[in-house]
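Since the structure comes first, as structure tokens, the remarks are kept for the end.
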Amino acid sequence: MPVHPRRRLLHTAAAALTAASLASGALLAGARPSSAASPGTYTVKGIDTSHHNHDATGKPIDWKQVARGNSFAFLKATQGTAYQDPWFARDFKAASGTSLLRAPYHFFDPRSTRDGAAQADHFIRTARAAGYSGTRAGELPPVLDVESVWVNGKEVCPKALRADQLQVFLQRVKAAFKVTPIVYTRASFVTGCMGGKGEAFRGHPLWLARYGSGAKEPQNVPGAGAWTFWQYTETERVPGIPGRNGTVGTADRNVYRGTLAQLRAMAHLGGAPAPRPGAAWPTLREGQRGVDVATAQLLLTARGYASAADGVFGPGTRAKVQQFQKAHGLTADGIVGPATWAKLAVTVKPGAKGAAVTALQRQLADNGHGVTADGVYGPGTEAKVRAFQRAGGLAVDGVAGTATWAALVGGGSAG
């Protein structure tokens with residue numbers, strides 16, 4: 001995987017330890033991604049930037065033009081305990097004058113095992129100096145970027161990284177800005193550098209990367225759940241980003257898992273509440289595919305609207321969804337959103353058999369709790385349900401009710 005240059009520190013004191021690409025998957029390759037929709041099926045898009053988006057030309061970003069094709073932006077503010085991105089203050093001010101929902105991010109670069117508070121204080125000071133408050137209309141929650149680093153051309157875990165210091169950082173930033181921070185990381189990093197203990201990030205919206213993946217979304221983070229934001233490329237041409245010789249430059253591109261109304265609510269602009277991290281019903285529509293689609297198809301069958309469980313949301317599935325919606329007093333738009341999921345979800349208990357059990361078993365496997373999808377709710381399936389519930393902080397009763405379904409389909413917790 002290529003190393004993204006915007007992750008590198010420029011000052012010479014840090015030359016031996018440069019920040020890794022958000023794209024990199026070399027560290028502990030083999031982490032299983034979720035099968036789901038391609039990024040093109042998500043309608044709320046945004047970018048993230050740093051000084052590297054200026055390096056080729058030395059020119060400012062045209063944020064008004066960026067805002068015409070994007071809904072949100074994350075801007076690098078700081079790294080470690082001393083580094084400030086030289087373009088952050090100017091970019092944040094300019095982005096704040098547009099319709100873009102925006103927030104600063106900090107790259108966690110530990111030089112000692114006890115510097116979480118120092119990094120947090122550095123980030124808080126820099127963000128505040130640029131005019132960020134955390135609760136002003138249009139401001140998204142601040143972001144902690146936690147990933148591997150490059151040393152002598154190799155991707156490695158930061159030697160001084162400690163989970164307790166990440167928690168110190170998050171708690172300090174939350175207290176300063178009165179909002180729960182977003183965490184940028186990836187499952188392979190949590191597995192390889194944090195011993196698989198992602199509980200430090202539980203309850204935080206997750207921003208995860210997976211590039212060139214088609215319909216393969218980022219893998220769920222052990223102990224923390226699924227993505228809220230997905231960075232799907234680092235090389236998309238974005239009008240407004242300066243490129244060489246007057247061309248359109250490239251930038252990292254992201255999608256948001258919910259609706260624009262939900263994202264606006266997260267940015268203190270009212271509207272529908274944002275999904276709870278790790279337990280938000282996904283919105284499925286024609287053209288999508290994957291385990292979540294197959295789950296909807298199996299639940300339709302269990303409710304009496306027989307559908308082929310092929311994981312492809314085609315015209316036939318849309319028609320069945322509309323029939324189900326009409327029969328249950330829902331808007332018959334053929335889109336499986338939260339209201340439709342709530343009606344579709346079948347409470348499944350030990351001893352049950354059929355399509356709903358098969359859907360449950362497939363979701364358990366997709367969340368890292370492998371079980372044979374035989375449609376029979378036996379002791380093995382019950383054990384996996386209880387393990388999933390325990391890992392996700394749910395009531396451990398072995399019954400797949402609405403809360404367990406929402407956590408499974410919305411992301412859950414890999415165990």
Side-chain angles (χ1 to χ4, degrees), residues 4 6-7 22-23 37-54 60-77 85 87-88 91-107 127 130 132 134 136-145 179 181-186 204-211 213 217-218 226-242 248-269 271-272 274-275 277 280 282-283:
H4 196 318
R6 76 176 175 82
R7 295 300 183 202
L22 287 180
S38 70
T41 64
Y42 295 93
T43 58
V44 184
K45 294 193 174 186
I47 66 170
D48 58 277
T49 65
S50 73
H51 68 86
H52 287 290
N53 295 103
H54 302 272
I61 293 171
D62 184 342
W63 285 100
K64 290 184 178 179
Q65 190 172 12
V66 170
R68 295 189 191 110
N70 295 274
S71 298
F72 63 92
F74 296 120
L75 298 83
K76 183 172 183 178
D85 188 286
W87 278 91
F88 169 65
D91 278 343
F92 190 78
K93 180 179 180 180
S96 297
T98 72
S99 61
L100 287 165
L101 310 177
R102 64 264 170 207
Y105 75 84
H106 172 83
F107 187 98
Y132 177 77
R136 187 174 290 115
E139 292 180 345
L140 290 167
V143 181
L144 170 62
D145 179 350
V179 65
I182 296 166
V183 174
Y184 179 98
T185 192
R186 59 188 305 128
H204 292 267
L206 299 180
W207 174 20
L208 306 180
R210 182 172 173 81
Y211 293 178
S213 57
E217 296 184 0
W227 65 277
T228 296
F229 297 90
W230 173 10
Q231 186 187 72
Y232 65 88
T233 181
E234 64 174 347
T235 57
E236 190 162 317
R237 294 197 177 276
V238 178
I241 301 295
V248 174
T250 60
D252 298 344
R253 203 81 192 282
N254 309 272
V255 294
Y256 172 65
R257 193 168 196 164
T259 65
L260 182 57
Q262 290 171 329
L263 187 63
R264 286 175 60 82
M266 185 186 287
H268 314 289
L269 288 168
T283 297

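A quick note: this is a predicted structure, and the numbers were derived from the prediction, not measured. Hydrogens, waters and symmetry mates are skipped; everything else that's a heavy atom, side chains included, is used.
Under a 3.5 Å cut-off, the side chain of His51 and the backbone N or O of Trp87 do not form any donor-acceptor pair. Listed for the Arg102 side chain is a donor-acceptor partner under 3.5 Å among the backbone atoms of Leu100.
Residues Phe88 and Pro104 meet the side-chain proximity criterion, which asks for heavy atoms closer than 4.5 Å. Taking the side chain as every heavy atom from C-beta outward, Ser71 and Leu260 approach each other to under 4.5 Å. Contact check for Tyr256 versus Gln262: side-chain heavy atoms found under the 4.5 Å cut-off. By the 4.5 Å heavy-atom criterion applied to side chains, His204 and Pro181 are counted as neighbours. The side-chain heavy atoms of Trp230 and Tyr42, taken from C-beta on, include a pair separated by under 4.5 Å.
Under the 6.0 Å distance and 45° angle rule, Arg257 counts as a cation-pi partner of Trp227.
What you find for Gly134 and His268 is that their closest heavy atoms are O-NE2, 2.8 Å. Leu269 approaches Leu101 most closely through the heavy-atom pair CD1-CD2, 3.5 Å. Considering every non-hydrogen atom in both Tyr184 and Ala209, the closest pair reads OH-CB, 2.9 Å. Considering all non-hydrogen atoms of both residues, Pro141 and Met266 come closest at CD-CG, 3.6 Å. The two atoms that bring Trp63 and Ala94 nearest to each other are CD1-CB, 3.4 Å, heavy atoms only. Between Ala251 and Val238, the shortest heavy-atom contact is CB-CG2, 4.1 Å.
Atoms OG1 and CG, on Thr185 and Leu144 in that order, are 8.5 Å from each other to the nearest 0.5 Å. Interatomic distance, OG1 of Thr233 versus CG of Asp252, reported as 7.5 Å (0.5 Å rounding). Atom CG of Asn254 sits about 12.5 Å away from atom OG1 of Thr228, to the nearest 0.5 Å. The OH atom of Tyr105 lies 5.0 Å from the OG atom of Ser50; values are rounded to the nearest 0.5 Å. To the nearest 0.5 Å, atom CD1 of residue Ile47 and atom CD of residue Gln231 are 11.0 Å apart. Rounded to the nearest 0.5 Å, atoms OG (Ser96) and CZ (Arg136) are 8.0 Å apart.
The six-membered or imidazole ring of Trp207 lies away from that of Tyr232, with a centre-to-centre distance of 6.0 Å or more. A centroid separation of less than 6.0 Å is found between the aromatic rings of Phe74 and Phe72.
Of the candidates Asn53, Asp85, Thr49, Leu75 forms a side-chain contact (heavy atoms from CB on, under 4.5 Å) with just one, namely Thr49.
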Item to check | Steps toward side chain to side chain contact (heavy atoms under 4.5 Å, CB included) verdict (Leu206, Ile182) | outcome: CA-CA 6 Å; Leu206 299 180; Ile182 296 166; over 6 Å; no

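Between the side chains of Asp91 and His54, at least one donor-acceptor pair of N or O atoms lies under 3.5 Å.
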